[in-house]
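Single-structure report; data block below.
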Number of protein chains: 2
Amino acid sequence: MGLKSFVEVSADSHFPLENLPYGVFRSKAAGGSNPSPGVAIGDFVLNLTVIASAGLFDGPLLKNSQCFNQPSLNVFLEMGRPAWKEARATIQRILSDNEPILRDNISLRNKSLLPMNEVEMLLPVVIGDYTDFFCSMYHTKNCGTIFRGPENPIMPNWFHLPVAYHGRASSVVISGTNITRPRGQGHPTGSSLPYFGPTKKLDFELEMAAIVGPGNQLGKNINVNEAYDHIFGLVLMNDWSARDIQAWEYVPLGPFLGKSFGTTISPWIVTLEALEPFACDPPKQDPHPLPYLAEKKHINYDIPLEVWIKPAGQEQATVITRSNFKHLYWTITQQLAHHTINGCNLRSGDLLGTGTISGPDRDSLGCLLELTWNGQNQLSLNGSARSFLEDGDEIIITGRCEGKDYKIGFGKCTGKILPAIPEDQ
Amino acid sequence: MGLKSFVEVSADSHFPLENLPYGVFRSKAAGGSNPSPGVAIGDFVLNLTVIASAGLFDGPLLKNSQCFNQPSLNVFLEMGRPAWKEARATIQRILSDNEPILRDNISLRNKSLLPMNEVEMLLPVVIGDYTDFFCSMYHTKNCGTIFRGPENPIMPNWFHLPVAYHGRASSVVISGTNITRPRGQGHPTGSSLPYFGPTKKLDFELEMAAIVGPGNQLGKNINVNEAYDHIFGLVLMNDWSARDIQAWEYVPLGPFLGKSFGTTISPWIVTLEALEPFACDPPKQDPHPLPYLAEKKHINYDIPLEVWIKPAGQEQATVITRSNFKHLYWTITQQLAHHTINGCNLRSGDLLGTGTISGPDRDSLGCLLELTWNGQNQLSLNGSARSFLEDGDEIIITGRCEGKDYKIGFGKCTGKILPAIPEDQ
């Protein structure tokens with residue numbers, strides 16, 4: 001049996017006492033409130049500012065810290081794993097059903113435990129830089145085949161290093177934010193001018209992302225065997241993509257406007273501590289990685305992921321993909337070590353996307369580009385069909401590890417498509 | 001004759017009363033001081049925090065503003081052109097030789113005017129995102145020829161849109177910061193493993209960058225004819241590059257670790273107002289740009305640029321390139337309009353690099369990749385020779401518009417190469 005909290009946690013909840021993911025919220029009540037760090041428990045949010053003010057963080061690292069008296073988690077993340085472990089132990093204890101300190105203090109319970117439907121979730125961190133990797137071999141192979149043909153779909157560098165590019169930090173938004181269909185240039189046909197207008201190939205990308213804890217100094221790298229201590233946890237991510245814009249613009253400098261109109265992350269950061277029971281072997285790496293990428297503890301996590309689509313006007317969402325985090329060829333610690341090998345400095349709160357997480361099967365592909373093979377095969381949904389996303393479509397990503405007596409869930413990462421802005425603006 | 005200040009300004013100064021570029025500095029004196037916004041005049045820095053506290057910003061927009069009581073210029077930049085014009089008019093007036101308010105107030109002069117050699121310059125803005133364009137046709141053609149051969153050196157998209165990629169914001173550093181030679185993977189030869197070690201092809205890139213003023217909301221674009229009002233000014237930039245790392249990693253997602261180990265900017269932001277007298281025609285655009293990139297006021301600026309190299313142990317620097325900002329095919333306003341056409345949000349302080357500014361001639365090429373044709377033709381310097389940069393080399397970029405009676409200068413953008421960190425770290 002799992003751990004038991006005095007807060008009611010249903011059997012299928014994403015947020016039992018074993019999880020305790022971190023986010024930043026504010027009250028929806030009239031006048032609202034300042035953003036505060038919080039932890040999810042069942043259908044409630046525990047306000048960490050209130051808990052800290054009440055003196056319940058009594059361990060040596062957090063006792064006198066202002067880390068929970070902040071509008072973001074960056075200060076707490078910068079403190080590193082010893083502080084994270086201390087916080088987790090304290091929160092797990094004060095929420096457990098045999099500890100009276102919060103359970104029996106009605107006034108403090110009312111102040112610190114807020115129903116989730118009464119709060120608005122915000123971006124949990126200030127994201128200095130957002131990097132997106134390209135670490136699913138299946139996704140890489142499918143994209144290469146679609147864009148360049150079946151001869152050499154995977155570039156020779158791919159098996160030697162975790163390929164990545166810098167994404168746009170300003171347009172990372174929190175789950176629930178609407179996404180406006182972007183306009184841009186698409187490939188010209190023949191000798192005509194390029195197409196200009198709303199994208200005709202709007203896509204989602206099923207990803208997860210690591211949130212960086214302590215950073216590194218410019219000019220110094222982080223050893224792959226120490227990389228684990230620089231990662232706080234994971235979120236779900238949807239890296240919205242406009243395939244026609246991307247295909248025309250990306251040579252030779254990579255994706256730009258085809259991606260930078262929006263990237264959605266889920267609000268709750270699930271810590272690596274909570275994911276430990278779900279560690280598993282990654283795919284075999286062949287060739288063997290260069291020494292700076294060869295790690296002693298080489299693990300992935302078994303995190304089943306789903307993508308659902310809910311067209312405008314439909315009551316029900318339809319599942320269109322079932323994939324898993326464990327398909328990633330390069331681990332998040334290898335990604336982080338590679339990112340810093342040139343001396344590039346990471347900062348706490350940086351976002352490291354995994355790239356689209358496609359699995360080996362037809363129903364485990366992580367984007368419509370792959371699912372419809374660039375629009376060639378329509379996807380049938382509950383009475384309608386899709387090549388790419390239409391206005392009003394909502395995409396819902398979920399992820400949940402299945403423990404014996406409990407689940408470790410990520411909640412949802414959602415976004416709905418709004419029509420493009422008119423031509424003359 | 002130029003304008004005259006009571007502060008002595010030598011005839012060849014970069015910083016006469018017509019310039020008034022903005023930066024952020026702190027005192028080098030024992031204990032230092034908090035970072036403050038300042039303006040350069042001759043060999044002095046005018047402390048804007050002190051001037052604001054003394055009540056000398058008496059115009060309607062700045063009178064009650066805290067914009068100069070900040071550790072960065074972001075708040076001032078967000079206020080937009082009306083505030084910038086008001087600040088410029090006030091500063092030009094209080095520094096002029098016929099205005100007694102500062103000239104005759106010895107105590108305020110001593111507090112507000114600091115010799116440049118007694119201050120340390122800092123990054124002038126908090127850079128949310130850094131984007132690098134690719135807007136010199138000469139550079140594009142040369143790189144394409146070197147990397148892919150002479151058949152189709154310029155990709156078909158290049159004449160239709162200002163190609164760009166997202167760079168790394170965390171590793172943008174201020175002029176004078178040393179750059180550690182990055183390590184990384186280079187192309188394998190034959191069937192061997194890729195090379196790993198310190199880059200053998202370390203390069204500079206002569207660039208300039210626009211600093212964004214007011215940003216835009218996610219999902220809305222900035223019209224090309226309004227883009228001017230979203231650009232505060234320009235700095236010099238050196239986008240350090242490791243060509244062997246770049247060449248191996250950049251397919252298909254663009255440059256990453258070959259660039260992210262350091263990007264240097266000059267400390268003084270020269271405003272577009274100061275550059276107005278140097279407006280000139282850009283190169284003719286053929287084909288005619290799509291309507292969203294066709295601008296009514298289509299201008300470049302005539303800014304002569306130089307790159308100097310000073311090897312370790314040499315007394316004298318040697319000039320290796322003379323180029324000009326006016327060679328850019330796409331204007332900075334077109335760059336900004338394109339950047340937002342998909343709804344991508346810019347924020348005040350964002351950095352938009354132009355890409356390497358090469359001219360048409362052999363001695364106007366903006367990087368060693370071009371100057372030595374990827375190391376094939378060594379560059380001879382005052383007794384030594386270079387294919388790429390060596391440890392101890394210092395690169396000095398300068399830029400200065402030549403007015404009839406005055407110069408509008410950018411000062412210097414410098415950086416020195418330190419040896420790579422040892423193998424076992």
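Chain letters run A, B, ... following the sequence lines, proteins first, then strands; residues in each count from 1.
Residues A:Asn157 and B:Val251 come closest through the heavy atom pair ND2-O, 3.1 Å. Between A:Pro252 and B:Arg148, the shortest heavy-atom distance links the atoms CB-NH1, 4.0 Å.
Expressed to the nearest 0.5 Å, how far CZ of A:Phe256 lies from CZ of B:Phe134 amounts to 13.5 Å. Note: A:Asn221 CG to B:Thr180 OG1 = 11.0 Å, rounded to the nearest 0.5 Å. One finds the CG atom of A:Leu218 at 6.5 Å from the CD1 atom of B:Ile179 (value rounded to the nearest 0.5 Å).
Ranking A:Gly167, A:Gly343, A:Gly219, A:Gly184 against chain B, the residue ahead of the rest is A:Gly167, based on heavy-atom pairs under 4.5 Å. The most heavy-atom pairs under 4.5 Å with chain A, out of B:Ala164, B:Gly262, B:Gly128, B:Pro182, come from B:Ala164. Of all the listed residues (B:Met155, B:Gln185, B:Arg347), the one sharing the greatest number of non-hydrogen pairs under 4.5 Å with chain A is B:Gln185.
A donor-acceptor contact shorter than 3.5 Å links the side chain of A:Asp129 to the backbone of B:Ala169. Panel note: side chain A:Asn342, backbone B:Leu257; a donor-acceptor pair is recorded below 3.5 Å. When atom types are taken as modelled, the side chain of B:Glu249 and the backbone of A:Val163 share no donor-acceptor pair closer than 3.5 angstrom. At least one donor-acceptor pair closer than 3.5 Å links the side chain of B:Arg168 to the backbone N or O of A:Asn345. The closest donor-acceptor contact from the side chain of A:Ser260 to the backbone of B:Cys344 lies at 3.5 Å or more, if one exists at all.
Residue B:Thr131 touches chain A through its side chain alone, counting heavy-atom pairs closer than 4.5 Å. Within the 4.5 angstrom heavy-atom criterion, atoms from both the backbone and the side chain of B:Leu161 approach chain A. Contact of A:Leu293 with chain B is made through the side chain alone, with heavy-atom distances under 4.5 Å. Contact of B:Asn178 with chain A is not made at all, since no heavy-atom distance falls under 4.5 Å. For A:Val173, the part lying near chain B is the side chain, with the backbone staying farther off; criterion is any non-hydrogen pair under 4.5 Å. In this structure, chain B has heavy atoms under 4.5 Å from both the backbone and the side chain of A:Leu346. B:Ile222 does not touch chain A: none of its heavy atoms, backbone or side chain, sits under 4.5 Å away. Using a 4.5 Å cut-off between heavy atoms, B:His187 does not touch chain A at all.
Ring centers of B:Phe196 and A:Tyr292: under 6.0 Å apart, within the cut-off. Not less than 6.0 angstrom separates the ring centroid of B:Tyr130 from the ring centroid of A:His166.
Annotation: side chain of B:Leu253 is in contact with side chain of A:Pro255 (closest heavy-atom distance under 4.5 Å).
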